[in-house]
Amino acid sequence: MEDDAEMKRIAIRNMFTAYAAKQVELSKQYDTNRKKRCKIFLQRLRYQLKRNGEQHQKEWSEILREQLLDSVPTRKFWKLNRSDQWYRNMFESEEDNADQLFEHFRLDRATYDILVEALNPDMAPHPLLVSQSCSTEKKVAVAIYKLINGSDYASVGEQFGVHKATVKNCLFQFCKAMVKHFMDAEIALPTADEALEISSAFEEKCDLPMVIGALGLLHIPITPSGSEAKNYLNSKKWSSLTLQAVVDHNHLFRHITCGHIGCTEESAVLADSGLYQHFENTEMPAQMINGNPVQGYIVTEPTYPLLPWLIHGYTPLNNALTTEEQTFNDHLAKAKAAVDQGFTRLRARFGILQRKIDIDINFVPQILLTCCILHNILEKRKIKFDDEWIEQMTAADQKYPQPDGSIVTNYTTSVEGETVRDQLKDHIQSKYMLFRSIDYSQVILRSASSIKQMYKVALVSSMSVKQFRREYGALLDDLTREQTELCERFESLRRRRHIIFYKRLRYKIKCKLERHREEWIEMLRKTLHENVPSQTVGRPVRDDSWYRSRFLDGDDATLLATIRMDRRTYLYLVDVVRGDSTPQSQEILAPRETVTVEKRCAIGLYKMASGESFSQLGARFGVHKLTAANSFYRFCSTIVTRLRRNVIRLPAEQEALKLAVRFEKNTGLPRVMGLIGMMHFPIANAPNNSYINGDGWASMILQAVIDHSGLIRFATSNHAGSKDAYTVLEESEVNNHFNHSELPTEFYIGPDDQAAVKPFLIGGREYPLLPHLITRYPAPESREELLFNKHLDAALGAFDVTMRRLMARWNILRRRMDFDPLTVPRTIVCCCILHNILERRSIPFEMHWITRDRYDIQPTVKPPERVVAQPDAEVIRDWAKRRLVIRLSKDEAKKAPYRTAQQRIYLRKTSSRGYRSPGS
């Protein structure tokens, strides 16, 4: 049987080798004939590759099913067959369907190919999941169609032959990749040279100098949850998020601020944006106007404040506007129309912005950023904009009218802003005084320069639009006809560019060939495992010299500064982790990298000690960031699974009695076996609002029991930050331990009753009073109760000291843990386990590790709202108070009596004579 299996593997390997040789031969043949660029040859080659791939896939599927897969247990998946013929006809057909592509996607094929090529590194499917995943081309098409059409997920899925969940994943991946790759390049405030160019274009349009942009605010309809809907209502009583943008003369977005709720004022949105910092720290170009320098500025509505770099028109607050002020407002309105036109073109192009966005509110800003980036790309590439799209927005404008902002009249107006506005008003008044005396009937338009002059004259004249069209409409129609002929000629020339077609075809064949080869290599490795030599595709060479210098060649001092422990403890943890023998290379989602046990342990320890991101860990240890994340998760899981029961456990029976004796010796409080308390640790990716604590930041709660030596005896950390101490205590195992364990009992007989006192815990005022959990007196009425509260608070200080040492050792607890919230509790418990190991081994603790951080301040502690009367607990607390008073009185009696200086001199003399006086 073994010989048959070996012969079978050899035969299969020979067949695959023959296929690979044939593919190499075809590739060489393609390379030799590449320069000929013959359309017939390329079509034949593409058909031959397609037929060869289909025949090969069918043949080897039958061979694998008959010879190999029947003997290997496999898992079968059921998949619904969906038709994607519409997508194939649109993007994979050889016919020229540019008109259909523009109709459904509102872009051309060249722009689509640029987006696919740029986003392919982030959106390409995993090599092992190619058959079950969508290609990058299809993901980009699905996302753009969703943004353009605005239909629901199910309708888009039926159009492309995919499930609605796949449509959602494609949209989310596309938006994140677009923001990552194009945000900084496509949306940026103008530089000094660009500002001069933009100001010149605005001056030709509105005759105002040094205008570098127009600022406006747009409300986007959304669908918030029922409990939060009222917080998103704007002044028009519909839920929305705001989009603030600076637009230049070409309708390009230069700065974006989005994500504020609909009721937010314009001045508040402006304060949260980065425009203040930009114009305060950047020196903009200036121009002398009437003897005074005026720097570049932005025009906007009166709803915004008046600043030297932010100018709006005059408002009739108390008196009517003068003729000069009204003229200035008219010119300013022509410049400000750029932002209105930019918003109109944006909403007309992307139908998802015309209706309520039924997506997670936290992801809506990513949608808005993606639409603005695509808008800039299409505008820069001069993609055609159809005016019919604006007419289709009529229903949306009627259903969701834009709110009218309130005019700002208070503290936001500055004297410098008023000075700049007055200078611009005087400039307009002095420049266009002559045009009021011109007889417009004598103006003759014969060239483009005369049209430009006529346009300037029409801006300041009282001529109506109908009169202007009646007198000069024929000439403008002739110019429009000439422009249309030029555009049609350019379009015909563009279609004849066969070189672009051949480049696209060559690139597509190359991508399919490489993808086909990688797919079969992965299939061979997955099926035959170690019997077939594997091939590493595209693995970069990484440098791990930092890891070698500190963990392999470094001494104990270097390890102590790096991972807070010596080499002996590090090797002990390596031996513990070595028991997890699952090879990392067999995990499907892990990179093709093999990490040793020593390096995996070092990655986990350094991640907890430093709190660095996985990208930084990968750079230090010479691995991919996914490998670093996988190593850290496996390290924490192994430590918690193997060491939690032995290192962290509540004391039982005689051990509890010993702890109580040591606590009484240190603090004076009897029968105390430990301290209980809570600690909040910050997290980043909170699933919902239940993780927001009382101070307004997301956190996970660690409830721990500490003994007299600073060791953690109990730890649970799977509680959201909004829970109180009473709920956390009920959900933990502390109550069950004290109710079912047989702890030693001491009987106390009081004046009226008796009670059996077991070792108990002490906690802060956030905990309830229970027989096994004693807290302070809420309203002390006697000196003994005040003394008991003082000693209890002093004992609880050890809990804060232990938590501070824990956070100082492991900086990951002080930073916002930015990985899956389900793995955060395991990470916190792993830090507690390592803390106990280091404390028992007496590893040195450096005081400079303790630093101040914003998350060191814990949320405000509140007493429990659900107070349960516990008479037995009150009896035990009174007994502990009396024991404390008796112990303190005995300690006071042991002290030497107080004597004056004369008595001490007399005693010294009498003791030398050998006798004492009766009074001494």
Side-chain angles (χ1 to χ4, degrees), residues 656 659-679 694 703-708 723-730 734-735 738-739 743 745-801 803 858-895 897-898:
L659 293 178
V661 172
R662 293 173 183 173
F663 256 105
E664 187 173 6
K665 183 178 180 181
N666 295 339
T667 63
L669 298 174
R671 308 296 287 177
V672 178
M673 59 175 287
L675 314 173
I676 188 171
M678 293 195 319
M679 199 70 180
Q703 180 178 263
V705 176
I706 310 297
D707 64 6
H708 68 286
K723 294 184 178 180
D724 56 355
Y726 189 91
T727 304
V728 175
L729 182 64
E730 287 183 343
V734 176
N735 294 340
F738 281 92
N739 293 334
L743 296 175
T745 305
E746 179 178 349
F747 287 91
Y748 158 68
I749 301 177
D752 299 326
D753 53 1
Q754 64 180 11
V757 181
K758 294 183 179 181
F760 52 82
L761 304 174
I762 58 175
R765 62 175 185 171
E766 68 269 20
Y767 285 98
L769 180 64
L770 301 173
H772 58 272
L773 177 57
I774 302 302
T775 59
R776 64 197 316 273
Y777 285 91
E781 299 177 355
S782 62
R783 177 178 175 275
E784 290 79 10
E785 293 178 355
L786 287 172
L787 190 64
F788 178 83
N789 287 355
K790 180 180 178 180
H791 279 73
L792 190 141
D793 293 338
L796 289 175
F799 182 87
D800 297 333
V801 173
M803 291 294 104
Q858 294 293 303
T860 305
V861 176
K862 298 181 180 179
E865 299 178 357
R866 293 167 288 183
V867 179
V868 182
Q870 297 283 349
D872 296 339
E874 295 178 355
V875 171
I876 294 174
R877 183 168 62 183
D878 293 338
W879 171 81
K881 176 193 67 176
R882 295 175 186 176
R883 283 281 298 266
L884 175 64
V885 173
I886 294 173
R887 180 181 177 84
L888 293 178
S889 62
K890 290 182 179 179
D891 295 341
E892 189 71 22
K894 291 181 181 179
K895 295 182 180 179
Y898 177 79

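Basis for what follows: all heavy atoms, side chains included, without hydrogens, waters or symmetry-related copies. This one's a predicted model, so the numbers in the text were calculated from it and none came from an experiment.
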Gap separating the CG atom of Leu675 from the OG1 atom of Thr667, nearest 0.5 angstrom: 8.5 Å

The complete set of salt bridge (charged side-chain N to carboxylate O under 4.0 Å, His left out) pairs with one or both residues in residues 771-796, sequence neighbours excluded, reads Arg776-Asp793

Shortest non-hydrogen contact from Tyr726 to Pro768? CD1-CG, 3.4 Å

Evaluate the side chain to side chain contact (heavy atoms under 4.5 Å, CB included) criterion for residues His708 and Lys665: first the C-alpha distance (whole Å), next the side-chain angles of each, then the deciding distance (0.1 Å), finally the verdict. CA-CA 10 Å; His708 68 286; Lys665 183 178 180 181; over 6 Å; no

Compare every heavy atom of Ile774 with every heavy atom of Leu792, then report the nearest pair and how far apart it is. CD1-O, 4.2 Å

Could you work out, with ring pair (Phe, Tyr, Trp, His ring centres under 6.0 Å) as the rule, every residue matching Phe663, not counting sequence neighbours? none

State, to 0.1 Å, how close Ala795 and Leu669 come at their nearest heavy-atom pair, and which atoms those are. CB-CD1, 4.2 Å

Please round to the nearest 0.5 Å and tell me the distance separating atom CG of Asp800 and atom CE of Met803. 9.0 Å

Sort out for me which residue in Val734, Leu770, Val672 forms a side-chain contact (heavy atoms from CB on, under 4.5 Å) with Leu761. Val734

Separation between CE (Met678) and NZ (Lys723), nearest 0.5 Å, reads 11.5 Å

Over all heavy atoms of both residues, which pair between Leu787 and Leu884 is shortest? Give the atoms and the distance, please. O-CD2, 4.2 Å

Going by the rule ring pair (Phe, Tyr, Trp, His ring centres under 6.0 Å), which residues pair with Phe799 if we only count those two or more places apart in sequence or in a different chain? none

Do Tyr777 and Asp878 come within less than 4.5 Å of each other through their side chains, counting heavy atoms only? yes

Gap between atom CZ of Arg883 and atom CZ of Arg671 - 0.5 Å precision: 8.0 Å

For the student: nearest non-hydrogen atoms of Gly764 and Thr775, plus distance: O-CG2, 3.5 Å

Closest heavy-atom pair and its distance - Leu773, Ile676: CD1-CG2, 3.4 Å

Please say whether the positively charged group of Arg877, taken as NZ for Lys or CZ for Arg, lies over the ring of Phe788, i.e. under 6.0 angstrom from the six-membered ring centre and within 45 degrees of the axis. no

